[in-house]
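Step one of this worksheet: look at the structure below.
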Amino acid sequence: MSILPSSGQTSPSFFLENYLCPTMLQISVLKEQTARVLAGLAKRNFKTAEADVQAILVLDQRRRALQTQHDAAQAEANELARQIGGLLKAGDKAGAEALKVRTGELKIQVKAHADELAEAEKQQTQLLYKLPNVPHESVPAGHSADDNEVVREGGTKPELPAGAQPHWELIKKYDIVDFELGIKITGAGFPVYKGQGARLQRALINFFLDQARDAGYTEVQVPILVNEASGYGTGQLPDKEGQMYHDAQDNLYLIPTSEVPITNLYRDEIIAADKLPVRNTAYTPCFRREAGSWGADVRGLNRLHQFDKVEIVQITQPENSYAAHAAMVAHVENLLQLLGLPYRVLRLCGGDMGFTSALTYDLEVWSAAQGRWLEVSSVSNFETFQANRLKCRYRGEGGKTQLLHTLNGSALALPRIVAALLENNQTPEGIRLPEVLHSYCGFGVIK
RNA sequence: AGAGAGGUGGCAGAGUGGUCGAAUGCGACGGUUUCGAAAACCGUUAUACCGGCAACGGUAUCGGGGGUUCGAAUCCCCCCCUCUCUACCA
């Protein structure tokens, strides 16, 4: 059965009502590793885990029993239809009519079984949708960002000169980002970059893409509008509908991250073993409605509706995914080191981790003038959680298809990097950019 | 946006009510042959679910959903998508 339509647009309710089997966690995992699942969900403070898992397993048993019955009845009906065909060919009309009696009964049975089966599957699916991914064993328990674990820090926090300013003052001083203009033509959260500001954006994008390419990632350029199936594939739908800009006329969504189009490239694919691991990178603008966010934390470039980001994505065999994950974190760390930004690496606790992730490291840079850490990257391993929906598989031992692991990370998101670069490197003579950017920018100092 | 054509296995492409999960070709894989390779020949080559330790058996799937029928790739209805021409346009 197909989780997603092989082609085409679908009505908004397609996935919820027509179910099929869009499981997120695999039933087999729930069944065989119940204790691990429950312990993991506890780290996420997921209160109803035990009852939900129980209910899913009971429904699963029921579902399978129903399918066995359904299949048996259907098999009998198929056999009778064959016989009727033979009889009619032989001219035995009476014999055919006699068999049709039984066939009529079976038809009713099959219909009843099919309805029950669909209902059981629907219920099961709805419960499965509620369950977040099971955290990796290294994930600490916790309720909020305060419980995240600082894994390590790098770089040195700068001593700022007297009269140092936050980036929202600096961008005015050097006239490189204009929020007022953005408000005029679009709205709040859509800045206009000007002059050296615009060139810095372009430089960072190129720098990040080149670094990713050097690290073995293949650059792709993807659409920034995606269809509904893609939203479901990576898990933005049905949950985070309100976070995405939506074009109702064509039922397309503006991507919140290029994770969505890049990962969906591999939707419904069985990837040949010699093509693994998949390593892709892309630059795209990203769009987030960020409904309901407000306050001092969102000043300046800290939080925007549109921002630029270079993303790295890997798709690996299960046994390799955590090594890949570590390599991705190291890649991002290296970027921050090259940029000379003080940073720290956090292992997110169960309560702060995204719904679909099994393990997430956040990388934060020190924003000297604001005196706070800013998240600039989030590197996650989704294990099979996304792949299960995407039907992204490879052929493993004995030719059996197996789900792959999907991973992604920001490498990097620009606005907060820009904020930190501006604040940390401010001098009376201007903003001294790190060496690696000079050739990309065509200048070394913003003034 | 207007008009038309079409959606079948990895690809191409037959198939208009019955043993069709689907001819044929290409590709891929295995074998024969060869010192080796090519060619030729032989064979294999979809996915998901259910049952089974397994061998294997069953069910479903010919864009999606519904209907007619004992039986649907094939007939009917609705929807989606793609292509071509026109219009528009970087």
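Labels below follow one simple rule: chain letters A, B, ... track the order of the sequence lines, proteins then strands, and each chain is numbered from 1. Just so you know, these numbers use all the heavy atoms, side chains as well, and skip hydrogens, waters and symmetry mates.
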Gap in Å between the two [atom1] atoms, one belonging to [N] and one to [M], rounded:
N: B:C62; M: B:G10; atom1: P; value: 14 Å
N: B:U47; M: B:A38; atom1: P; value: 27 Å
N: B:C76; M: B:A40; atom1: P; value: 44 Å
N: B:C41; M: B:G4; atom1: P; value: 47 Å
N: B:G25; M: B:G63; atom1: P; value: 23 Å
N: B:C81; M: B:A73; atom1: P; value: 25 Å
N: B:C78; M: B:A22; atom1: P; value: 32 Å
N: B:G15; M: B:U24; atom1: P; value: 15 Å

**Request:** Identify, with sequence neighbours excluded, every residue that meets ring pair (Phe, Tyr, Trp, His ring centres under 6.0 Å) alongside A:Y322.
**Result:**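 Checked A:Y322 against ring pair (Phe, Tyr, Trp, His ring centres under 6.0 Å); matches are A:H136.
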
**Prompt:** How would you list, by chain and number, every residue that makes a ring pair (Phe, Tyr, Trp, His ring centres under 6.0 Å) with A:H405, sequence neighbours excluded?
**Reply:**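 Residues passing ring pair (Phe, Tyr, Trp, His ring centres under 6.0 Å) with A:H405: none at all.
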
**Closest to the A:K107 side chain, choosing from B:C70, B:U47, B:U59** =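 Output: B:C70.
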
**Request:** Assign the ring pair A:Y217 / A:H331 to parallel, tilted or perpendicular, where the plane angle (0 to 90°) is split at 30° and 60°.
**Result:**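 It falls in the tilted class, 30° to 60°.
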
**Message:** Would you call the rings of A:Y245 and A:F190 parallel, tilted or perpendicular, taking 30° and 60° as the class edges?
**Reply:**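 Plane angle between 30° and 60°, so tilted.
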
**Nearest-Å distance for atom pair CZ/C1', residues A:R395 and B:A46** = 8 Å

**Request:** For A:L66 and B:U59, give me the distance from atom CG to atom P, rounded to whole Å.
**Result:**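 The answer, rounded to whole Å, is 18 Å.
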
**Request:** Starting from the 5' end of RNA chain B, give me the residue, A:I270 or A:A75, whose nearest nucleotide shows up first.
**Result:** A:I270

**Asked** More 5' along RNA chain B: A:T103 or A:H70, using each one's nearest nucleotide?
**Response**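 The answer here is A:H70.
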
Polar atom pairs between nucleotides 53-55 of chain B and protein, under 3.5 Å, N or O only, would you list them?
none

**Prompt:** Are A:N206 and A:Y283 close enough that a side-chain donor and a side-chain acceptor fall under 3.5 Å?
**Reply:**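 Note: A:N206 and A:Y283 side chains miss the donor-acceptor criterion.
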
**Prompt:** Do A:N408 and A:Q314 meet the criterion of a side-chain donor-acceptor pair at a distance under 3.5 Å?
**Reply:** no

Complementary nucleotide for [N] - Watson-Crick or wobble, under 3.5 Å:
N: B:A87; answer: none
N: B:A40; answer: B:U32
N: B:A72; answer: none
N: B:G51; answer: B:C56
N: B:G7; answer: B:C80
N: B:U19; answer: none
N: B:A14; answer: none

Listed pairs, N/O of protein and of nucleotides 50-52 of chain B, under 3.5 Å:
{"unit_1": "B:C50", "atom_1": "OP1", "unit_2": "A:R63", "atom_2": "NH2", "d": "2.9"}
{"unit_1": "B:C50", "atom_1": "O2'", "unit_2": "A:T68", "atom_2": "OG1", "d": "2.5"}
{"unit_1": "B:G51", "atom_1": "OP1", "unit_2": "A:R64", "atom_2": "NE", "d": "3.1"}
{"unit_1": "B:G51", "atom_1": "OP1", "unit_2": "A:R64", "atom_2": "NH2", "d": "3.2"}

Below 4.0 angstrom from OP1 or OP2 of [N], is there any side-chain N or O of [X]?
X: A:T401; N: B:A48; value: yes
X: A:R393; N: B:U47; value: no
X: A:Q74; N: B:G58; value: no

**Fill in**
Separation between CZ (A:R82) and CG (A:L99), nearest 0.5 Å, reads 13.0 Å

**Asked** Got a second to check how far A:Q386's CD is from A:T234's OG1, nearest 0.5 Å?
**Response** 6.0 Å

**Prompt:** Considering only heavy atoms from C-beta outward, does the side chain of A:L363 approach that of A:E375 to under 4.5 Å?
**Reply:** no

**Message:** Could you tell me if the side chain of A:N381 sits less than 4.5 Å from the side chain of A:S357, heavy atoms only?
**Reply:**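 A side-chain contact under 4.5 Å is absent here.
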
**Message:** Assess whether a salt bridge exists between A:K391 and A:E269, defined as any Lys/Arg side-chain N lying under 4.0 Å from an Asp/Glu carboxylate O.
**Reply:** no

**Request:** Before accepting this row, confirm whether a basic side-chain N of the pair A:E116/A:R62 lies closer than 4.0 Å to the acidic partner's carboxylate O.
**Result:** yes

**Message:** Test of understanding: with side chain to side chain contact (heavy atoms under 4.5 Å, CB included), list the residues that count as partners of A:S367, not counting sequence neighbours.
**Reply:** A:Q370, A:L374, A:E423

**Fill in**
Note: contacts of residues 78-102 of chain A with RNA chain B (heavy atom, under 4.0 Å) are A:N78, A:A81, A:I84, A:G85, A:L88, A:K100

